[in-house]
Amino acid sequence: MDDVQTAFYGLRFRVAFLEKKGTEFQDWFVRLAGLAFGSDFEAVRAYGGSGDLKCDGYRVSTGTVFQSYAPYEMREAPLNTKIEEDFVGAYKNWDNMAEWVLVHNDGRGLPPSSIQLLERLREDYPVVMINVWTEASLRQLVDRLSLTDLQSLFGFAPSKSGLETLAMDDLQPVIRQLQSMEPEPGTEPLTPPSVDKLEKNQLSKDAAELLRVGRRKEALVETWFMKDRQADRGEQIAEAFRQRYAQLKESNQSPDQILGHLQQYVGMGGDPRRQTAVLAVLSYFFERCDIFDDPEARHDSANEAHSV
């Protein structure tokens, strides 16, 4: 797997981690763990009157019981009640439980009272190792996956070799799809911003790497628009990006989530060739229209130019 694919799947993982809610997060984690641990992991589903015996998944070799939570959606008191009930129930139901892992996707962390509860449970049940898994732990599972497993979980990714052989014909379906959004052309110029734009925005290493790599085909995308008979197509698409970015930013999503949604907006899905074209087009417009914040220097220069 090359660096482009690694960065792509890193970003897709982070967006999924942040956005899965409730049972959707539970199902996603169970699938991820099943791919990462193979036959050493057993998914557990509710069955009959006994339910799931307070276990979402079980790792055989370590005697680990996993219980997943999406605590962002839960109030503090019910969350703590559920944690205690789940742990005590698992302790009673799983005789071989050597480890209990609370898996959650709240990037802010657990409330202080939940941490105190876990400490009390560790004191009361010293024979069981109690751990908390969040983004870093789940990313380690992703790093264990083969390319085939990653494709099954997140879809196809662009590749370095695909980027090197990308041609203008590959760009056409992506640009045609964007044109179908049909916003009015914007008035902002399509001029590259400062090279500091990536540093200005709090994008993850994976997200920034994808945009840097996509810039290698910047000239190809620019040539496509220069040869296009519809002279204002680039401005039209840029305005569509601006409008979509504004909507996403108002929803208070993280920069990585916004970039992930913009990838979908351009045309996420399809074969690796299509994904490579998507990356090139997205990188081009990242550099040339007001999606994500530009460094202050650019705005200051623009204001000076207008005042002359």
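Every heavy atom of this structure was used, including side-chain atoms; hydrogens, water molecules and symmetry mates were not.
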- So, Arg45 and Asp27, do they make that salt bridge, N to O below 4.0 Å? no

- Message: Among residues at least two apart in sequence or on other chains, which ones pass side-chain hydrogen bond (donor to acceptor under 3.5 Å, both in side chains) with Gln172?
- Response: none

- Flag side-chain contact, heavy atom, 4.5 Å: Val60 against Phe41: no

- Message: Run the side chain to side chain contact (heavy atoms under 4.5 Å, CB included) test against Met1 and tell me which residues pass, sequence neighbours left out.
- Response: Gln5, Thr6, Tyr9, Leu147, Leu150

- Could you tell me if the ring centre of Phe286 sits under 6.0 Å from that of Phe292? yes

- Task: Only counting residues at least two apart or in another chain, list the ones meeting side chain to side chain contact (heavy atoms under 4.5 Å, CB included) with Lys205.
- Result: none

- Note on the structure: Applying side-chain hydrogen bond (donor to acceptor under 3.5 Å, both in side chains) to Glu222 and not counting sequence neighbours gives none

- Could you pull out all residues at least two apart from Thr23 that satisfy side chain to side chain contact (heavy atoms under 4.5 Å, CB included)? none

- Query: Going by distance alone, is a donor N or O of one side chain under 3.5 Å from an acceptor N or O of the other, for Gln257 and Ser254?
  - Reply: yes

I'd like a table of donor-acceptor pairs (distance under 3.5 Å, sequence neighbours excluded) in which one partner is a side-chain atom from residues 156-163, with atom names and distances.
residue, atom, partner, partner atom, Å
Ser159, OG, Ser161, OG, 3.3
Ser159, OG, Gly162, N, 3.0

- Query: Hey, do the aromatic rings of Tyr125 and Phe87 have their centres closer than 6.0 Å?
  - Reply: yes

- Message: Working to the nearest 0.5 angstrom, can you tell me the gap between Leu203 CG and Leu259 CG?
- Response: 6.0 Å

- Message: Hydrophobic clustering (ILVMFWY, side-chain heavy atoms < 4.5 Å, transitive) - are Met97 and Met129 grouped together?
- Response: no

- Task: For Tyr58, check ring pair (Phe, Tyr, Trp, His ring centres under 6.0 Å) against everything at least two apart and list the hits.
- Result: Trp94

- Message: Can you list everything that forms a side chain to side chain contact (heavy atoms under 4.5 Å, CB included) with Ala98? Sequence neighbours excluded, please.
- Response: none

- Message: I'd like to check Phe241 versus Leu178 (side-chain heavy atoms, cut-off strictly below 4.5 Å). Are they in contact?
- Response: yes

- Item | Test salt bridge (Lys or Arg N to Asp or Glu O under 4.0 Å) applied to Glu239 and Arg242, step by step | CA-CA 5 Å; Glu239 184 60 25; Arg242 293 186 188 105; 3.2 Å; yes

- Going by heavy atoms in the side chains, are Arg75 and Leu79 under 4.5 Å from each other? no

- Task: Please collect all side-chain hydrogen bond (donor to acceptor under 3.5 Å, both in side chains) contacts where either partner lies in residues 147-158, sequence neighbours excluded, each pair once.
- Result: Ser146-Asp149

- Gap between atom CZ of Phe25 and atom CG of Leu18 - 0.5 Å precision: 10.0 Å

- Message: Test of understanding: clusters of I, L, V, M, F, W, Y form through side-chain heavy atoms closer than 4.5 Å, transitively. Do Ile130 and Val127 belong to the same one?
- Response: yes

- In Å and rounded to the nearest 0.5 Å, what is the CG to CD distance from Asn252 to Glu250? 9.0 Å

- Are Glu123 and Arg120 within salt-bridge range, i.e. N to O under 4.0 Å? no

- Query: Can you find a pair of side-chain heavy atoms, one from Asp56 and one from Val44, that are under 4.5 Å apart?
  - Reply: no

- Message: My understanding is that only residues two or more places apart in sequence, or in another chain, count here; which of them pass side-chain hydrogen bond (donor to acceptor under 3.5 Å, both in side chains) with Arg273?
- Response: Thr165, Asp170

- Task: Using the six-membered ring of Phe37, assess whether NZ or CZ of Arg59 lies under 6.0 Å from its centre and within 45 degrees of the ring axis.
- Result: yes

- Message: Determine whether a donor-acceptor pair (N or O, by modelled atom type, separation under 3.5 Å) exists between the side chain of Asn93 and the backbone of Gly89.
- Response: yes

- Between Arg244 and Gln247, a side-chain donor and acceptor under 3.5 Å: yes

- Short question: side chain of Asp40, backbone of Ser61 - any donor-acceptor pair under 3.5 Å? yes

- Is there side-chain contact between Trp224 and Arg233, with heavy atoms separated by less than 4.5 Å? yes

- According to the side-chain hydrogen bond (donor to acceptor under 3.5 Å, both in side chains) rule, which pairs have a member within residues 103-112, sequence neighbours left out? Asp106-Arg108

- Task: Examine distances only and state if a side-chain atom of Ser283 and a backbone atom of Ala280 form a donor-acceptor pair shorter than 3.5 Å.
- Result: no

- Side-chain heavy atoms of Trp100 within contact of Tyr91, under 4.5 Å: no

- Message: Please confirm whether the ring centroid of Phe225 lies under 6.0 Å from the ring centroid of Tyr284.
- Response: yes

- Query: Can Gln230 and Gln236 be counted as having a side-chain donor-acceptor contact under 3.5 angstrom?
  - Reply: yes

- Query: Between Lys21 and Glu24, is the closest basic N to carboxylate O distance under 4.0 Å?
  - Reply: no

- Do you see a donor-acceptor pair shorter than 3.5 Å between the side chains of Glu19 and His261? yes

- Between Leu32 and Leu138 the two heavy atoms that sit nearest each other are CD2-O, 4.0 Å

- Item | Carboxylate-amine/guanidinium proximity below 4.0 Å for Arg215 and Glu218 | yes

- Query: Looking at residues at least two apart in the chain, or sitting in another chain, which of them share a side-chain hydrogen bond (donor to acceptor under 3.5 Å, both in side chains) with Ser114?
  - Reply: Asn80

- Message: Between Gln26 and Ser68 (side chain of the first, backbone of the second, donor and acceptor by atom type, cut-off under 3.5 Å), is there such a pair?
- Response: no

